[in-house]
Amino acid sequence: MKIIVPVKRVIDYNVKPRVKSDGTGVDLANVKMSMNPFDEIAVEEAIRLKEKGVATEIVAVSVGPQKAQETLRTALAMGADRAILVMTDDEVEPLAVAKILKAIADEEAPGLVILGKQAIDDDSNQTGQMLAALMGRPQGTFASAVAVDGSTVTVTREVDGGLETVKLALPAIVTTDLRLNEPRYASLPNIMKAKSKPMATKSPADYGVDTTPRLKTLKVTEPPVRSAGIKIADVDALVAKLKEMGVAQ
Ligand code: AMP
């Protein structure tokens, strides 16, 4: 069984985003970029399925600029077998990404597509669901456990207030939640090996997808600055203060 893992190059999760002074977006100049953390979990899960003998090949796919090659190399160094870069300098919205992934899935016929539940830059949480709809295949989102058994996959989902377990017929779409696994670091020999693994470069047009945005960003602003707190000596003083502020009676 083949597994496709879409990986997005995003601003590193340790970096505090700065908003551009003209309010048109987040400033990405000279900012550290990395693989979306949920996608690292997706790559790890695919590798574990390969190690269990369930998967035979892992194909990492990224839609983005030339530099997304680095993200794909990271996936290859972790253990993916080959990569497809769908190169574009445009901002690509989830629907367009899902359409490209659908076209790739039509060509590659994977048993599973494992995506992150969301990209931490746009926080859309849409691509996996849209892909499942476009492919007309079942989806198990927010996975905290994945077990493939013959022609089905059992996915434990993190839902409000507990866990839900669903069984899906393959091919299926899974999106990863934080607790699914802890992604491995690529070893130096594997980083070297990854350099010679195959990477195809395509364009959205190769898949017949128009990536023209459907949304217009009106304005991006910094969150309001938090006003300074005050120290309170004891509980009585706290209650008095809350009364003064009209929060308590
Ligand atoms: P989103 O719907 O944007 O929150 O993204 C959810 C997931 O879709 C991500 O975790 C990735 O697995 C995948 N994805 C989104 N955008 C891209 C992209 N440009 N290239 C590859 N995968 C993507």
Side-chain angles (χ1 to χ4, degrees), residues 3-13 17 25-26 28 33-47 58-76 78 80 82-105 108 110 112-135 137 139-144 146 155 157-158 172-181 183 199-207 209-215 217:
I3 301 182
I4 290 183
V5 186
V7 293
K8 187 176 187 189
R9 179 176 184 264
V10 298
I11 187 164
D12 187 89
Y13 72 99
V26 170
L28 294 180
M33 305 289 282
S34 302
M35 187 189 300
N36 181 42
F38 292 105
D39 305 351
E40 285 183 355
I41 296 172
V43 175
E44 175 67 35
E45 197 60 22
I47 298 167
I58 302 167
V59 184
V61 177
S62 194
V63 181
Q66 173 118 40
K67 287 216 157 176
Q69 265 189 5
E70 292 164 16
T71 313
L72 289 168
R73 287 279 170 223
T74 305
L76 294 171
M78 287 173 74
R82 62 186 169 90
I84 303 173
L85 170 64
V86 184
M87 205 159 78
T88 169
D89 286 326
D90 299 340
E91 184 84 23
V92 186
E93 291 172 355
L95 180 59
V97 174
K99 286 179 181 171
I100 291 169
L101 295 175
K102 152 88 167 72
I104 293 176
E108 300 277 351
L112 274 175
V113 184
I114 310 181
L115 305 91
K117 74 167 178 181
Q118 74 197 58
I120 62 164
D121 54 358
D122 57 21
D123 274 343
S124 292
N125 177 10
Q126 295 175 3
T127 311
Q129 294 88 329
M130 287 176 167
L131 177 63
L134 291 173
M135 289 175 65
R137 297 304 311 169
Q139 57 181 307
T141 51
F142 313 121
S144 62
V146 172
V155 178
R157 307 185 57 233
E158 299 213 358
I173 285 79
V174 170
T175 74
T176 62
D177 214 325
L178 213 53
R179 278 163 287 272
L180 179 58
N181 61 48
M199 186 179 311
T201 303
K202 301 276 188 182
S203 72
D206 290 338
Y207 298 107
V209 176
D210 175 7
T211 57
T212 310
R214 295 171 173 227
L215 301 177
T217 302

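Computation of the quantities below employed the complete heavy-atom set of this structure, encompassing side-chain atoms and omitting hydrogens, waters and symmetry-equivalent molecules. Numbering of residues begins at 1 and proceeds along the displayed sequence. Order of appearance sets the numbers: ligands from 1, and atoms from 1 within every ligand.
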Do [X] and ligand 1 have an N or O pair less than 3.5 Å apart?
X    : answer
D123 : no
D122 : yes
P94  : no

For residues 58-68, which side-chain donor-acceptor pairs fall under 3.5 Å, sequence neighbours excluded?
| from | atom 1 | to | atom 2 | distance (Å) |
| --- | --- | --- | --- | --- |
| S62 | OG | V7 | O | 2.6 |

Do me a favour and list the nearest non-hydrogen protein atom to [atom] with residue, atom name and distance?
atom                    : answer
atom 22 (N) of ligand 1 : P6 CB, 3.4 Å
atom 15 (C) of ligand 1 : T127 OG1, 3.6 Å
atom 7 (C) of ligand 1  : G116 O, 3.3 Å
atom 16 (N) of ligand 1 : K8 CD, 3.4 Å

Using side chain to side chain donor-acceptor pair (under 3.5 Å) as the criterion, list what pairs up with Q129, not counting sequence neighbours.
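For Q129, the residues satisfying side chain to side chain donor-acceptor pair (under 3.5 Å) (neighbours in sequence not counted) are N125.
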Distance under 4.0 Å to a non-hydrogen atom of [X]: what atoms of ligand 1 satisfy this?
X    : result
A119 : 1 (P), 3 (O), 4 (O), 5 (O), 6 (C)
V7   : 20 (N), 21 (C), 22 (N)
V61  : 21 (C)
N125 : 1 (P), 2 (O), 4 (O)
L115 : 8 (O), 12 (O), 13 (C)

- Short N-O contact, R214 and E93, less than 4.0 angstrom: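 Not counted as a salt bridge, because no side-chain N and carboxylate O are separated by less than 4.0 Å.
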How many angstroms lie between atom [atom1] of [X] and atom [atom2] of [Y], to the nearest 0.5 angstrom?
X    : Y    : atom1 : atom2 : value
I173 : K102 : CD1   : NZ    : 10.5 Å
K117 : D177 : NZ    : CG    : 3.5 Å
Q118 : T176 : CD    : OG1   : 9.5 Å

* To do: Using the side chain to side chain contact (heavy atoms under 4.5 Å, CB included) rule, take L131 and L115 through it: C-alpha gap first, then chi angles, then the decisive distance, then the call.
  => CA-CA 10 Å; L131 177 63; L115 305 91; 4.3 Å; yes
Which of the listed options, [options], holds the heavy atom that is closest to [atom]?
atom                    : options              : result
atom 17 (C) of ligand 1 : N36, V97, V113, I114 : V97
atom 9 (C) of ligand 1  : L101, V10, D39       : D39
atom 19 (N) of ligand 1 : V63, I100, T71       : V63

Margin query: Taking F142's backbone N and O only, do any of them form a donor-acceptor pair with T175's side chain (distance below 3.5 Å, no angle check)?
Written below: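 Judged by distance alone, yes, a pair lies under 3.5 Å.
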Worksheet item: Would you say the side-chain atoms of R157 pair up with the backbone N or O of T141, donor to acceptor, closer than 3.5 Å?
Response: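 Yes.
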Could you check V97 against K8 for side chain to side chain contact (heavy atoms under 4.5 Å, CB included), going step by step and ending with a plain yes or no? CA-CA 10 Å; V97 174; K8 187 176 187 189; over 6 Å; no
